[in-house]
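In what follows, chains carry the letters A, B, and so on, assigned in the order in which the sequence lines appear, proteins first and then strands, with residues in each chain numbered from 1. Please read these numbers as outputs of a predicted model, since none were measured by experiment.
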Amino acid sequence: MPKAFFIDTTKCTACRGCQVACKEWKNLPAVPTKQTGTHQNPPDLNPFNLKLVRFSEHMDKTGKVSWYFFPDQCRHCLEAPCKQASSVEGSILQDEATGAVIYTEKTAQEDFDIIRGACPYDIPRQNPETKQIVKCDMCIDRVKANMLPMCVKSCAMGAMHFGERVDMIKLAAERLAVVQRTEAPKAQLLNVNDVAVIYLVADNPKMYHEFAVAQGPAQLTRKEMLAGAFAPFRRMVRAVQG
Amino acid sequence: MTNHYTDIGNADAVLIMGSNAAEHHPISFRWVLKAKEKGAVVIHVDPKFSRTSARSSFHVPLRSGTDIAFIGGMIKYILDNKKYFADYVNNYTNAAFIVGEKFSFKDGLFSGYDAEKKKYDSSHWAFEKDENGLPKTDPTFKHPRCVLNLLKQHYSRYTLDKVSDVTGVSKDNLLKVYEAFSATGKPDKAGTVLYALGWTQHTVGVQNIRAAGIFQLLLGNFGVAGGGINALRGEPNVQGSTDHALLYGYIPGYHNAPLATWTTLEEYNKANTPVTKDPKSVNWWGNRPKYVVSLLKGWYGDKATKENDFGYSWLPKLDPGVDYSHLFIFDRMYKGKIKGGFIFGHNPAQSFPNSHKVRKAMDQLDWLVVAEVYHNETSDNWRRPGVDPKDVKTEVFLLPSAYRAEKEGTISNSGRWHMWHYKAVEPLGQSRSMGDMIVDIAGRVRALYMKGGGAFPEGVLNMDIPEKFDAETMAKRINGFFTQDVKIGDKEYKKGQLVPGFANLKDDGSTTSLNWVYCGGYTEAEGNLAKRRDLTQTPMQAAIHLYPKFSWAWPMNRRVLYNRASVDQYGKPYNPAKAVIAWEDGKWVGDVPDGPAAPMAMEGGKYPFIMCTEGRAQLYGPGRADGPFPEHYEPAETPLKAHPFSKQLSNPCMKQAVSDMDALAAPADPRFPIVLTTYCLTEHWCSGAETRNGPALLEAEPQQYVEMSPQLAKEKGINNGDVVIVESLRGKVEAVAMVTVRIKPFKVAGKTVHLVGMPFCFGWTKPKCGDAVNRLTSSVGDPNTTIPEYKASLVNIRKADKVTEL
């Protein structure tokens, strides 16, 4: 049965337990960082940070402050555009049992810009040395051993959940109803029908992160992908984001 | 905590004040979120908008150091609008007690003040007593000097206008908090208060907490599920170390440390054992001699006998009136009066206030022993920036300490749960647990004494020190043993067996216990209860997230302290849906009650506040150094020249170290117009000595920063990400500017007061991450505890022309 995550950002306190636990489990090296005037660090996903808590603060006209946290990661799309865009046999796989989208060593032979450009959530990153393209693998090693993904396991606030897709959708819908009723009428679930990582946000998703919701048509044909139709747009956005 | 972590989930209102719970006590916040999910209002009152504020129902910014003004206004609101729980206040507090004629309060000072000594004579605050020595009461509340009327009078000055003017909180916001929280003054509602160092680290720290105690009593929120006053204690086992008397003024189990003037055990007991003739008062501290004698037996074993006062004379004694807290230890060190010492699990060169003084003070030492996992600013003080190691005479011994996963033992969490943790791996290299080090050092010192003698040999030679440290054995010794065969009820205990609970401890030498509060946690029948992980519960317990078989809580596995106040005088729960205990068929059910006695109005019934001599909780608290009612005073360094409550600007009793390095900025000093508050981070632990060495944590929070409002940044020409210099009268710190709408300027006394906030975890031993923010803070402290005022200092800020620390 396909699996899914439910990430309830209305319970996330940005403790970054998930961000750190992900690195630790996968034995990824720390990257050198600087304080640049924000708590978000590293500034973006990179080959050694497959999970990143994004911070964004806002003040409305009445002076009310809100601070939104978005634990960003691969959404494990049901029909993964990156897989469709792949031109190397066996580089991007989808595990039938769980639905996990898995990048193999063969991604080193892919055109990175096409793969990244295909992602509606701007997730894939490339290891500059090995040229492999990397991202969250749903902790497939743990899941196959009946354990929770590391980020979910580390979440002390109960913001992150993992399980059967049907159960997660049910949980998400129930929680959405509560949040809409009690604290945030604008609350919504993001791209719930397309992805295996379902986010609940309290406000306009763009106030959390540019790529919180899918950017560009989520489902493209393989031909369009190969043509790299959307890559220039992606590159432009990245240039703006720095 | 009077209550415990999982209990927070029962609250109808959660007031987080003096705490950034989500960031610094993440697990507490899991239960805050559970309460919120069930409809509770979560209120965060704090100088800055933090990750706690982000998940609260609303946040109210408050100028650091003005909590008593804020709460004084709330007490007035509750009294004026009759929001208090009258039945509870009348029966369970000292509201009806009559205060003696010598009590007065005039222009910021209580009666009995000695300006020269900066101390009060608290006998001026005593209650009027009857012929039995019991406080006189007026249940009609007509007497002008009954506590309730004095309380009303005291806080009548705390009007919305004045409170708003001092705190910088708008009147709308004040009312929003007061209304939301005082709605819990109903029998079936509960409000909890979560606080931490944001309340304690002020020159009025203890009174901040007293103030919360007062409104929680008025609202009937003690003893109930989802109520209480809950100190979120530090992760480094702060609860356990306080229980075991890490603080100089106590010996284990909250007994005063002996003074030189109490020369015999009898004198000690007389001075420290309260008595009452009220048959309804349990007066639990009346048992103190039993606990002290059992402690002495635990320390000195067979050497402690009735004839030699159980070795009382071998205990070190304090000179009366001398402050032995760290603030003054380092003051004495700075003045060359201390030659050497041990610093275990502590990084004072980074975490104590006025770091420049602390670091220079350590230069005066001939020798220093540090036990640590990593090198830190204390162990490496001799090679700190700007100092030539050749000029430092100190010989430093660094003992490699085992990391917590490399040893077994207990942690006591904030809710008093005693929890065992197991060793995961063997200690690296030659590192050892601190228990192991201490036992080894003590054994070797004793061997030296036996060989060559030495000063004061009895204390060293008679101490019952084990051959080897073993955590399990130590846990048993803390619980305590019988020293002879005894029969309790129909059960016989042999000499050497574990005492089943502190009610069985005796003052005749027949029992030992290294800490009475933990007695009952390790039993012959069930073993080490700190190891329990059983989640079973009754439906009544399930309704309030109570897990009586998970770990063990002191005292006697009671999860909610003062739970007899959660029921009416006949034992019926005020809130049946969330009952903590109930009197059913002649016995208590639910949590372990505060003693087995019948409900208060029944035959043999007792008052609920068993630790108070009078059995009733203290709205009026004559036991503190700085007054029976909390009063607003400005921090030692304040942006104001005057405040509207009195002419007494700052706490008249505050502790203050005096030396050439202890200058304080004048009130409203134009050179330092900005309020600095300091704090820790989720990603780093305390001084950061350990976590700066965790690469993934340093990656997430790599460098010293200073959070400031866009308005202040604009005023100073600072952009987000610029390196700035933050400067006080005592030092300078480089930091990256974090310009954020989460910090707002305050409107105080007609002017704009800016506030900046900085973490204290970045130190020079990790290159380019910055250095101690405590170079800015000052050596002033609370008169009761001498906890320093880390939360409010005066600074100025400017763009850096040169960067060396980052």
Side-chain angles (χ1 to χ4, degrees), chain A residues 8-43 46 48-49 51-53 55-60 63-69 154-159 174-175 178-179 181-184 202, chain B residues 21-24 26-34 36-39 48-55 57-59 61 170 681-683 694-707 710 713 718-723 735-744 762 768-770 806:
Chain A
D8 180 357
T9 68
T10 68
K11 284 191 176 176
C12 175
T13 56
C15 72
R16 295 193 271 199
C18 54
Q19 180 179 317
V20 170
C22 173
K23 285 195 87 115
E24 297 278 342
W25 179 256
K26 295 186 177 302
N27 228 351
L28 295 168
V31 299
T33 54
K34 286 273 185 196
Q35 174 54 259
T36 58
T38 170
H39 285 288
Q40 184 175 313
N41 235 336
N46 64 62
F48 311 108
N49 287 81
K51 179 114 188 175
L52 176 75
V53 179
F55 293 64
S56 37
E57 56 189 49
H58 309 276
M59 187 165 73
D60 72 11
K64 186 174 174 290
V65 174
S66 38
W67 199 8
Y68 293 137
F69 311 128
S154 75
C155 182
M157 292 307 113
E174 284 167 4
R175 179 65 187 152
V178 173
V179 174
R181 194 180 68 240
T182 57
E183 50 181 305
Chain B
E23 297 195 34
H24 305 152
I27 294 301
S28 73
F29 212 75
R30 178 186 181 88
W31 296 93
V32 172
L33 290 172
K34 282 196 193 284
K36 193 179 172 202
E37 202 170 349
K38 287 192 274 181
K48 72 162 180 177
F49 188 104
S50 66
R51 290 179 250 187
T52 297
S53 324
R55 293 282 78 86
S57 307
F58 60 92
H59 167 249
S170 71
L681 277 175
T682 312
E683 292 78 1
L697 296 172
L698 193 67
E699 174 194 274
E701 285 291 355
Q703 287 178 308
Q704 182 71 56
Y705 58 83
V706 51
E707 294 180 279
I718 293 165
N719 292 314
N720 191 36
D722 285 351
V723 176
V736 176
M738 189 182 286
V739 180
T740 170
V741 293
R742 294 180 293 101
I743 292 201
K744 290 181 177 175
F762 297 106
K768 295 289 168 197
C769 79
L806 298 166

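Highest contact tally toward chain B, considering only Pro29(A), Gly17(A), Ala30(A), is held by Ala30(A) [criterion: heavy-atom pairs under 4.5 Å]. Interface remark: of the candidates Ser57(B), Gly39(B), Ser50(B), Ala737(B), Ser50(B) forms the most heavy-atom pairs closer than 4.5 Å to chain A. Highest contact tally toward chain A, considering only Val741(B), Leu806(B), Thr682(B), is held by Val741(B) [criterion: heavy-atom pairs under 4.5 Å]. Counting heavy-atom pairs closer than 4.5 Å to chain B, the top-ranked of the candidates Ala202(A), Ala159(A), Pro42(A), Ser66(A) is Pro42(A). Most heavy-atom pairs under 4.5 Å with chain A, from the set Gly694(B), Ala22(B), Gly721(B), Pro702(B): that is Pro702(B). Most heavy-atom pairs under 4.5 Å with chain B, from the set Val178(A), Thr10(A), Val53(A): that is Thr10(A). Of the listed residues Val31(A), Thr38(A), Val179(A), the one with more heavy-atom pairs under 4.5 angstrom with chain B than any other is Val31(A). Each of Glu24(A), Met59(A), Gln19(A) has some count of heavy-atom pairs under 4.5 Å with chain B, and the biggest count is that of Met59(A). Counting heavy-atom pairs under 4.5 Å between each of Val20(A), Leu52(A), Thr13(A) and chain B puts Thr13(A) at the top. Looking only at heavy-atom pairs under 4.5 Å with chain A, the residue among Glu683(B), Lys34(B), Met738(B), Glu707(B) that has the most is Met738(B).
Of the two parts of Lys36(B), only the side chain, counted from C-beta on, holds a non-hydrogen atom closer than 4.5 Å to a non-hydrogen atom of chain A. Using a 4.5 Å cut-off between heavy atoms, Thr52(B) does not touch chain A at all. In this structure, chain B has no heavy atom under 4.5 Å from any part of Cys22(A). Residue contact with chain B, scored on non-hydrogen atoms closer than 4.5 Å, involves the side chain of Lys23(A) exclusively. For a residue to count as touching a neighbouring chain, one of its non-hydrogen atoms must lie under 4.5 Å from one of that chain's; by this rule Ala700(B) touches chain A with backbone and side chain alike. Contacts of Pro32(A) with chain B are absent, with no heavy-atom separation under 4.5 Å from either backbone or side chain. Heavy-atom distances place no part of Gln40(A) under 4.5 Å from chain B, backbone and side chain included. Looking at Lys744(B), only its side chain comes within 4.5 Å of chain A, counting heavy atoms on both sides. For chain B, no part of Thr182(A) is nearby; none of its heavy atoms comes within less than 4.5 Å.
A distance of 4.0 Å separates OG of Ser56(A) from NE2 of His58(A), quoted to the nearest 0.5 Å. Considering CD of Glu23(B) and CZ of Arg55(B), their distance stands at 12.0 Å, rounded to 0.5 Å. With rounding to the nearest 0.5 angstrom, the CE atom of Met157(A) is 9.0 Å from the SG atom of Cys12(A). Annotation: the span from Glu699(B) atom CD to Leu28(A) atom CG amounts to 9.5 Å, rounded to 0.5 Å.
In summary, the side chains of Arg742(B) and Ser53(B) do not present any donor paired with an acceptor at a separation below 3.5 Å, with no hydrogens or angles considered. Between the side chains of Glu57(A) and Thr740(B), at least one donor N or O sits under 3.5 Å from an acceptor N or O.
Contact check for Cys155(A) versus Cys18(A): no side-chain heavy atoms found under the 4.5 Å cut-off. A 4.5 Å side-chain heavy-atom check between Thr9(A) and Tyr68(A) finds every atom pair outside the cut-off.
Using a distance-only test at 3.5 Å, with no hydrogens or angles considered, no donor-acceptor pair links the side chain of Asn41(A) to the main chain of Glu701(B).
Residue-environment remark: NZ (Lys38(B)) exceeds the threshold of 12 foreign heavy atoms within 6.0 Å.
By the ring-ring contact (aromatic ring centres under 6.0 Å, His included) test, Phe69(A) is found to be paired with Phe55(A), Trp67(A), residues two or more places apart in sequence or in another chain being considered. Legend: residues meeting ring-ring contact (aromatic ring centres under 6.0 Å, His included) with Phe49(B), ordered by chain and number and at least two apart, are His59(B).
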